[in-house]
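The structure appears right after this line, and notes come after that.
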2 protein chains.
Amino acid sequence: MSVVIPVQVTNHLIRCLSREERNRFLQHCESVNLVFGDILCELDQPIQHVYFPLAGFISLVISMEDHQPLEVGLIGNEGMLGATLALGIADAPLKAVVQGSGSALRMTAAQFQLELRNSPSMLSTLNSYLYVLVMQLSQTAACTHFHEIEPRLARWLLMTHDRAHADHFHLTQEYLADMLGVRRSSITIAAGKLQQQKLISYIRGDINILDRKKLEAVSCECYSLLNDHYARLFP
Amino acid sequence: MSVVIPVQVTNHLIRCLSREERNRFLQHCESVNLVFGDILCELDQPIQHVYFPLAGFISLVISMEDHQPLEVGLIGNEGMLGATLALGIADAPLKAVVQGSGSALRMTAAQFQLELRNSPSMLSTLNSYLYVLVMQLSQTAACTHFHEIEPRLARWLLMTHDRAHADHFHLTQEYLADMLGVRRSSITIAAGKLQQQKLISYIRGDINILDRKKLEAVSCECYSLLNDHYARLFP
DNA sequence: CATTTTATGTGTCGTAGCGCACAGAAAATT
DNA sequence: AATTTTCTGTGCGCTACGACACATAAAATG
C-alpha cells in the first residue's frame, strides 16, 4: 500500500501531526484525483475511504424529498471527509460530492481506524475538526434561513476561493443554485450584481474572483465567524 | 458529592451504561431542577456542567446579528447537554437554554471528563450521540430552509411532546416564533390552523396535544427521519 | 376593583424569492 | 457549416412571509 505521495502535503490536518506520526500516516495513504461530480460517500452507507483534500474541494449535501440537495458543509485542504469514523460509526452521516476537481490523499476506512488507535495526535486533531463541524452546521442552518441570496452567494464564493487556491474556478449557476437551495435564476441575478460591482466575473461557469476584499464586505458575517471558529481550534 | 438520585433514572444515555458503570457514574451526579429560561451554557464559554434531562428539555440555539436566536437542536431525556466534552474541548459550541421546566442529573465538566476516561461504554454512547447531533443539525438546516411554517411547527410540537412526556406543556407563541425563526403572528396563524383541525388546543401558552397521529401527518418528514436516525444508533 | 402586563387575533402593505416559460448565445457534436 | 446541447438572461404572476400597527382579552398586580 505504499504509494507515491506528493512532495508538498498541503492538508492542514495532516500537517498538525508530528513529523514521525505524519510519515507513518502517509505510508498508508494513496494519492487520488478528485473529479467534479464524484460521489465519495452516500448517506447511511459504509464509508469506504477517508479523504484529505490537497487541492479541490468536497461538498457535504443533504437530500430532501421534493427538493434539490442542499449543501451544509464544504471541505477543502483545511479539513477532511470521514472524520465521523473517530466516533466509531462506520456509516456516512451525509452524502459527499466533489465540487471542485483536484487531488487528495485517501486511506481506507479500516486502515484509518487502525491508525487512529496508535496516533493520539490524529485523534485529537479529528476531535477538534468534529467540533468545528458542529459549529459550521449550526451556523449554516441559521445563515441559510435568515440571510439573503446575494450575501450567501458571496460567502460561498469566498469559501470556495479559499479552498480552490486559485482566483479562477468553474461552476455553473445551476450548481450554485443547488448548493444554496435556490432557483437558478436567482443566482443569475445575484451573480449579475456582484459582476456589476466588479467583484467577480462570470462567463458560462468560469468564475473569477476580482476583488476579494469587497466580496468580504458584501458577504454575511457568517464567513468570518466560521473562519474564526476554525482558527481558534487550529492556530 | 454523593447526592440523592431519583429512583427512576429515565435518561436514555445513562440507561445505555452497564449496571456497574451506571452506579459509579451516578455517584458523581447531582439532581437539579431545570427552570424555564435558565441558560445552561454560552457559546465559546467553558462548559460548567453536563446535563442529563430526566423530565424537561433544553434548546440549543444560535444567535445571529439582527435576529432572534434560532433553535438548532432539542435535548430531552433521549440525550444530554455537553457531549462535545468527549471531543476534548472545554468550551460550548452553542448556547443552551431550558425550554421546558423539569429535572436533570448533572455533573461538573471536570468530573465528567474524568469519568469518560474509565468508562468506555459512556464514551461510545457519547460518540453515537455526537453522530446523531451531526445528522440532526444537517436535517434541521434543510428543514428550516425548505419547509413551511405549519409543518415545521407540527414537527416542533411533536418533538417537544416526546420530550415533555405529557400531552400538555406551556410555551407562548412568542417563544415558538423565536425557536422557528419566524414572526410571532405567523405562529398565531399556523397554530390556529392546527387548532381548527383539532390537532392541538392552545390557550395563552397552554398547549395540549389532542391528536398525535394527525399531527404527524401534518408535520414534515424531518420528524420521522430524525427519529429513525436516533433509533438506529440507540436501539 | 382598577390598572398594568402579557398573550393572542387581525389587518395592511411590502418584498424576496419561487414556479414557469422562453429567448438568445455560446459551446459541443455531427 | 449545421444541429444539438448547455448555459445564461429576462420577464410575469404568485405566494409565503416579513415589518409594523393596533385591538382585544385574559392574567397578574396593586
Side-chain angles (χ1 to χ4, degrees), chain A residues 36-37 64-71 99 142-157 168-197 199-208 218-220, chain B residues 36-37 64-70 99 141-157 168-197 199-208 218-220:
Chain A
F36 177 83
M64 304 285 284
E65 290 174 17
D66 298 330
H67 284 285
Q68 295 298 110
L70 175 74
E71 179 181 279
Q99 268 314 327
C143 178
T144 305
H145 182 60
F146 285 125
H147 293 153
E148 291 169 11
I149 293 182
E150 196 179 338
R152 285 180 61 212
L153 175 60
R155 170 164 89 89
W156 200 92
L157 291 172
H168 169 271
F169 42 90
H170 187 91
L171 275 173
T172 67
Q173 297 190 349
E174 192 82 42
Y175 270 96
L176 282 173
D178 285 357
M179 292 303 100
L180 301 189
V182 300
R183 272 182 326 159
R184 199 261 313 150
S185 50
S186 296
I187 296 289
T188 304
I189 293 166
K193 286 183 188 166
L194 296 181
Q195 199 164 13
Q196 271 185 351
Q197 300 171 261
L199 309 187
I200 63 169
S201 75
Y202 198 146
I203 300 164
R204 292 182 71 77
D206 285 326
I207 302 173
N208 280 284
V218 171
S219 90
C220 52
Chain B
F36 177 83
M64 304 284 283
E65 291 173 15
D66 299 330
H67 284 284
Q68 295 298 110
L70 175 74
Q99 268 314 327
C143 177
T144 305
H145 183 59
F146 286 124
H147 293 154
E148 290 169 12
I149 294 181
E150 196 179 337
R152 285 180 61 213
L153 176 60
R155 171 164 89 89
W156 200 92
L157 291 173
H168 169 269
F169 42 91
H170 187 91
L171 276 174
T172 67
Q173 298 189 347
E174 193 82 42
Y175 270 96
L176 282 172
D178 286 357
M179 293 302 101
L180 301 189
V182 299
R183 274 181 324 157
R184 199 261 311 151
S185 50
S186 295
I187 295 289
T188 305
I189 293 166
K193 287 182 188 165
L194 296 181
Q195 199 164 14
Q196 270 184 352
Q197 299 170 260
L199 309 186
I200 63 169
S201 74
Y202 199 148
I203 299 162
R204 292 181 72 75
D206 285 327
I207 301 173
N208 280 285
V218 171
S219 90
C220 52

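Throughout, protein chains are lettered first and strands after them, A, B, ... in sequence-line order, and every chain is numbered starting at 1.
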Q: Mind calculating the distance between CD1 (B/I207) and P (C/dA7) to the nearest angstrom?
A: 12 Å
Q. Taking CD from A/Q68 and C1' from C/dC18, how many angstroms apart are they, rounded to a whole number?
A. 14 Å
Q: Have a look at B/Y202 and tell me which of B/L176, B/N208, B/L157 forms a side chain to side chain contact (heavy atoms under 4.5 Å, CB included) with it.
A: B/L176
Q.
Restricting to side chain to side chain donor-acceptor pair (under 3.5 Å), what partner residues turn up for B/H170, sequence neighbours left out?
A. B/D206
Q: Take A/T144 and B/T144, measure what side-chain contact (heavy atoms from CB on, under 4.5 Å) needs, and give me the verdict at the end.
A: CA-CA 8 Å; A/T144 305; B/T144 305; over 6 Å; no
Q: Remember a base hit wins even if backbone is also touched, and classify A/I203 as base, sugar-phosphate or nothing at under 4.0 Å, heavy atoms.
A: nothing
Q: May I have the distance from B/E148 (atom CD) to C/dG17 (atom P), rounded to whole angstrom?
A: 16 Å
Q | Side chains of A/Q99 and A/L171 in contact at under 4.5 Å (non-hydrogen atoms) | A | yes
Q: Rounded off to whole Å, could you give me the CG-to-P distance for the B/D206 and C/dA7 pair?
A: 11 Å
Q | Minimum side-chain heavy-atom gap B/H147-B/R155 below 4.5 Å | A | no
(Q) With a cut-off of less than 4.0 Å, is there a side-chain N or O of B/Q173 near OP1 or OP2 of C/dT6? (A) no
Q) Touch check for B/G192, heavy atoms < 4.0 angstrom, all strands: base, sugar-phosphate only, or nothing? A) nothing
Q: Take the protein atom CZ of B/R183 and the nucleotide atom P of C/dT8, then report the distance between them rounded to whole Å.
A: 15 Å
Q. Between C/dG17 atom P and A/L153 atom CG, what is the distance in whole Å?
A. 12 Å
Q) Nucleotide range of DNA chain D contacted by chain A, 5' to 3', under 4.0 Å to a heavy atom? A) D/dT6 to D/dT10
Q: Between B/R184 and B/R204, just flag the one whose closest nucleotide in DNA chain C comes earlier from the 5' side.
A: B/R204
Q: Report the distance from atom CG of A/L180 to atom P of C/dA16, rounded to the nearest whole Å.
A: 17 Å
**Q.** Donor-acceptor contact below 3.5 Å, side chain B/Y175 vs main chain B/G205
**A.** no
Q: Would you kindly give the NE2-to-C1' distance between A/H170 and C/dA28, to the nearest whole Å?
A: 13 Å
Q. Given the rule in the side-chain contact (heavy atoms from CB on, under 4.5 Å) test, do B/V182 and B/R152 qualify, once you have shown the distances and angles that lead to the verdict?
A. CA-CA 11 Å; B/V182 299; B/R152 285 180 61 213; 4.1 Å; yes
Q) Under 4.0 Å: is that the gap between some side-chain N or O of A/S186 and OP1 or OP2 of C/dA16? A) no
